[in-house]
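This report refers to the structure that appears directly beneath it.
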Amino acid sequence: MVNHAALPWGEMQPFMTKLVARTGMGATALRFTILTAARSGEVRGATWNEIDLDNATWTVAAHRMKARREHRVPLAKQALEILHAVRQEPDADDLVFPSGRSGRPLSDMTLTAVVKRMGRDDLTVHGFRSSFRDWAAEATNHPGERAEAACRRGGLFEKRRRMMRDWARYCLGKTG
């Protein structure tokens, strides 16, 4: 197992403050990646038919997942706000985070380039998943399996929804 360079969770709020100030689809997709604790490839390939705005859920098809199992992601209010913002852009195609080339996803280096332009050559995009897991383990009462939950249903999914809400609030410096 490869350890990806991760931002210590205690540095997430100042990092996100700087990231929110950045414009462009790459920065927006990176914010969504962090808030959902998703892999960048899942985010870059996300399509609108995977998004259920009414139920605040993103369902990634099994064929797009590393484990080849459908993955349901509860979306915090802040992640939904990102989706509403990009949905309003003119000429939006089926991709949630399209590149400048119509119909093409962002490249795998786009999110990495945002991190590097922020002066953080020491980090990887995948490392933000570790930041999330470390935060859950060290700063919350959320059980570890909830941070690792993949395609859970029922009660655990709703508990994961609360955890993702707490993560978004933490990342963006909000409490309550």
Side-chain angles (χ1 to χ4, degrees), residues 1-7 9 25-87 89 92-115 123-137 140 142-168 171:
M1 183 161 129
V2 175
N3 287 327
H4 296 274
L7 182 71
W9 63 265
M25 193 59 74
T28 303
L30 179 59
R31 282 190 2 244
F32 188 80
T33 301
I34 293 169
L35 293 176
T36 58
R39 290 180 174 85
S40 68
E42 296 160 10
V43 171
R44 292 181 294 103
T47 59
W48 284 107
N49 61 8
E50 295 176 346
I51 306 292
D52 181 346
L53 292 171
D54 294 333
N55 292 305
T57 303
W58 170 30
T59 304
V60 185
H63 74 274
R64 292 201 331 101
M65 292 298 301
K66 182 178 176 182
R68 299 292 179 216
R69 289 191 326 233
E70 180 181 272
H71 180 58
R72 291 186 336 141
V73 180
L75 300 171
K77 179 185 80 159
Q78 297 86 342
L80 287 171
E81 289 168 354
I82 291 170
L83 294 174
H84 285 294
V86 297
R87 183 74 165 164
E89 290 187 2
D93 57 21
D94 199 30
L95 290 168
V96 175
F97 301 103
S99 70
R101 299 178 308 225
S102 182
R104 304 288 306 261
L106 294 170
S107 79
D108 60 347
M109 293 306 295
T110 302
L111 278 63
T112 299
V114 172
V115 173
L123 303 176
T124 65
V125 174
H126 193 81
F128 289 109
R129 289 170 50 85
S130 295
S131 303
F132 164 70
R133 285 191 300 274
D134 291 346
W135 165 83
T140 78
H142 296 292
E145 68 270 9
R146 201 174 299 157
E148 298 294 334
C151 64
R152 307 282 186 175
R153 305 255 188 262
L156 187 57
F157 185 77
E158 290 309 313
K159 289 176 181 177
R160 184 166 167 87
R161 181 178 299 284
R162 287 192 292 277
M163 180 177 62
M164 298 312 293
R165 178 203 63 208
D166 292 347
W167 172 239
C171 286

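Sequential numbering from 1 along the given sequence is applied to the chain's residues.
Atom CZ of Arg161 sits about 10.5 Å away from atom CE of Met164, to the nearest 0.5 Å. Distance CG/Leu83 to CG/Leu53: 6.0 Å, rounded to 0.5 Å. Taking OG1 of Thr36 as the reference point, atom CD of Glu42 lies at 8.0 Å (rounded to 0.5 Å). Rounding to the nearest 0.5 angstrom, the gap separating the CZ atom in Arg162 from the OG1 atom in Thr140 is 12.5 Å.
Using a 4.5 Å cut-off on side-chain heavy atoms (C-beta onward), Asp52 and Thr59 make no contact. Residues Glu70 and Arg72 are in side-chain contact: their nearest non-hydrogen atoms beyond the backbone lie under 4.5 Å apart. Proximity of Met25 to Pro98: side-chain heavy atoms (C-beta onward) are separated by under 4.5 Å at one or more points. Under the 4.5 Å side-chain criterion, counting only non-hydrogen atoms from C-beta, Arg31 is not in contact with Ile34. No side-chain heavy atom of Leu111 sits less than 4.5 Å from a side-chain heavy atom of Phe32. Looking at heavy atoms from C-beta onward, Thr57 lies out of side-chain contact with Leu75 at the 4.5 angstrom threshold.
Among all heavy-atom pairs drawn from Ser131 and Ala6, the shortest one is OG-CB, 3.9 Å. Taking both residues in full, the closest heavy atoms of His142 and Trp135 are given as CD2-CH2, 4.4 Å, listed atom of the first, atom of the second, then distance. Taking both residues in full, the closest heavy atoms of Leu35 and Ala79 are given as CD1-N, 4.1 Å, listed atom of the first, atom of the second, then distance. Smallest separation of non-hydrogen atoms from Val125 and Thr112: CG2-N, 3.7 Å. Of all heavy-atom pairs between Ala56 and Leu80, the closest is CB-CD1, 3.6 Å. Nearest approach of Phe97 to Thr28, heavy atoms of both residues: CE2-CG2, 3.9 Å.
Considering only residues two or more places apart in sequence or on other chains, Ser107 meets the side-chain hydrogen bond (donor to acceptor under 3.5 Å, both in side chains) condition with Thr110. Under the side-chain contact (heavy atoms from CB on, under 4.5 Å) criterion, Ala46 pairs with Glu50, Trp58, Arg64, Val96, not counting sequence neighbours.
In summary, the side chains of Thr33 and Arg44 do not present any donor paired with an acceptor at a separation below 3.5 Å, with no hydrogens or angles considered.
One N or O on the side chain of Arg129 and one on the backbone of Ala37 form a donor-acceptor pair closer than 3.5 Å.
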(request) Take Trp48 and Val86, measure what side-chain contact (heavy atoms from CB on, under 4.5 Å) needs, and give me the verdict at the end. (result) CA-CA 11 Å; Trp48 284 107; Val86 297; 3.9 Å; yes
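Aromatic ring pairs are classed by plane angle as parallel below 30°, tilted from 30° to 60° and perpendicular above 60°; the pair Phe132 and Trp167 is perpendicular.
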